[in-house]
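Comments concern the structure below.
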Amino acid sequence: MPHPPDAQPPILSSQSGAERAVRPPGAAQRVTIVGAGYVGLNTGAVLAYLGHAVTLVDRDAGRVAELRAGHSPIYEHGLTEMLARTQAVTTYSVDLVGAVGEADLIVIAVGTPARANGEAETAFVEAAAAEIALGLRGGREYVVVVKSTVPIGTSRRVEAVIARGLRQRGVEARVRYASNPEFLREGRALHDTLYPDRIVVGSEDPQAVECLRELYRPLLDQTFEPPPLLPRPRGFTPPPLMVTDPTSAEMIKYAANAYLATKISFINEMAGLCQRVGADVDEVARGMGLDARIGPQFLQAGIGWGGSCFPKDMRALQAVAAEYDYSLPIVQAACAVNTRQREHVLERLQEVLKVLRGRHVAVLGLSFKPHTNDVRDSPGLDIVTRLVQRGAYVRAHDPVALDQARAAHPELDVEWYESLDGVDALVLATPWPEYLELDWAEVARRMRQPVVMDGRNALPAAALRAAGLLHIGVGR
Ligand code: UDX
C-alpha cells in the first residue's frame, strides 16, 4: 500500500512471510552489481568502500580474472587503489544467476550501446533482468535498481521481464524496483560517486526508496572517511536525495546531459561570432559565467564534446523523441554545431597553410578529454581522420590513449608518435597538462612552420607568441 507523503515508510516489510533483512539505518547491505564496466566498477568500488558487501558480476571471464588479480580493466583516477582497498569485501563472479539469490539489492549496470538509428540498445539490460529472475529465491525480498542509461520506459520492461521469469519458475519473491541514474564524469567517476551533486531515485515503491536511502546514507550524510586520493572538496555540502517517479528519473539523466552538451555548443556558436567581430570568447564566457543563473561551468569553447555519453545520449534522446513524433530542434542544433567545431580546425589550418594535402600535422591528444584513455567519439581522433582524408600526413600523440586510438582506427595512415620535427602545424586537441607546459622555444625550433592551432584555448598565449609561434585559438 502506498504511504501518505508525510508518513515515514516502515523499515519492516508488511508482507507476511517475506524474509526481509532487518537492518538498522545505514547498515551494510548485500549488493550484487550486474556489469563490471565503467559504471558498475566505480559504483561497486565506492559501495564496498562504504562498507557494503559487494558482488560484481560480469560475463567477461577475462575481466573477472583481471579484477580478482587486483587489476583494474579501466583507467580511472584512484580506481586501482580503491579496488585494492575493497578487495576483501568484494566478490567477482561470472555467475549472475548464482550471485543474486542472497543479495538485498541488485543493481543493473550493463552497457546500452547505440543502435544504428541512435536508439539505446536495451537487449543487455533485458537479458540481465531475465537472468536475475532465474536466481531470485522464493520467500525473499529484493530491490532491483536500474543504473544503466536506458530509453524512457525501460524500468517498466525490467519489471515485466522479472515478473514473467518468476512466474515461469513458479517462484514467489517480493521484488521492488527503482531507477537510479548515474552522473559520473570519466576520470572523476569515484570523486563524483563519493561527492555527488544529487542522488536521483525514481520509484513508485517507498520501501525501495528507503533501501536506497540506507545504501547511500554515508554519502547523504558524508560520514565516511575520505580515501587519501579522493579528499572531500572544501565546503562540500551533503547532496539531496531526490525522489521522483521512474520515468522522470530516466528523463533527468538524458535532459541533464543534453543541457550540458548544449551549453558547450552554445559557447562554441558564440565563439564563431566572437572571431568575426573581434571579441575573445573566453572573456565572453567569463562575463557570462559570473551571472549566477548561468554559472561558469561547461562554457569552455573549443573543438567540442565527445566521449561515451554526450554523443550517444544526444542521439538516443532524439530517437526517443522520434518515437513520440516529436522533434528536438535545440538538441539537433547542438549536435550540428559540435560537428562544425571539428571542421573549423581544418578551415583555420587551411587559411594559414592554404593547402593541407602533403602537409605534416601533429595532433596532440586523442582521448576525448584529459585523464582518460577513452577515445570513443573523440574530437581529436575525428580531426586526425579528417586531416588524413584531406591528404595531410598526421603524427598523433597521446600520453595514455595511443593503443586505444590505433585499435579504433587501424585503417588510418598515421604515425603514432611524438616527434614535432619538421611539422607544418600542431593541433592541440585534448588539453593534457603535459601539453600545456611544452618548451615552446624548442617546439618552434623543430617545426617547419610555426603554426599552432589551440583547439581548447588552453595554451599559454604569451609564451607561444614569445617563442615566435602563430597561436590560433577558437573564437579569439
Ligand atoms: C558526461 C557528463 O558530465 C556526466 O555527468 C555524464 O554522466 C556522462 O557524460 P564525460 O563524458 O565523462 O561526462 O565528460 P565531461 O567532462 O562532461 O566532458 C564531455 C565533453 O565535453 C568532453 O569532450 C570535454 O572536452 C567537452 N567539454 C566540456 C567542452 O568542450 N567544454 C566544456 O566547457 C566542458
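Heavy atoms only: backbone and side chains are in, while hydrogens, waters and symmetry mates are out. Whatever order the structure lists them in is the order used to number ligands and atoms, beginning at 1.
Shown here are the side-chain contact (heavy atoms from CB on, under 4.5 Å) partners of P460, two or more places apart in sequence or in another chain: W440, A463, L464.
Between E214 and R217 there is a salt bridge, with a side-chain nitrogen of the basic residue lying less than 4.0 Å from a carboxylate oxygen of the acidic one.
Figure legend: R85 and Y49 shown without cation-pi pairing, the cationic atom not lying both under 6.0 angstrom from the six-membered ring centre and within 45 degrees of its axis. Seen from the ring of F224, R232 counts as a face-on cation partner, given the 6.0 Å and 45° thresholds.
Within 4.0 Å of ligand 1, heavy atoms belong to protein residues E182, F183, L184, R185, E186, K253, N257, I264, F298, L299, Q300, G304, W305, G306, C309, F310, F368, K369, R456.
Residues H371 and Y75 place their aromatic rings such that the two centres sit no closer than 6.0 Å.
With respect to Y92, the side-chain contact (heavy atoms from CB on, under 4.5 Å) criterion is satisfied by exactly one of T55, V54, L56: L56.
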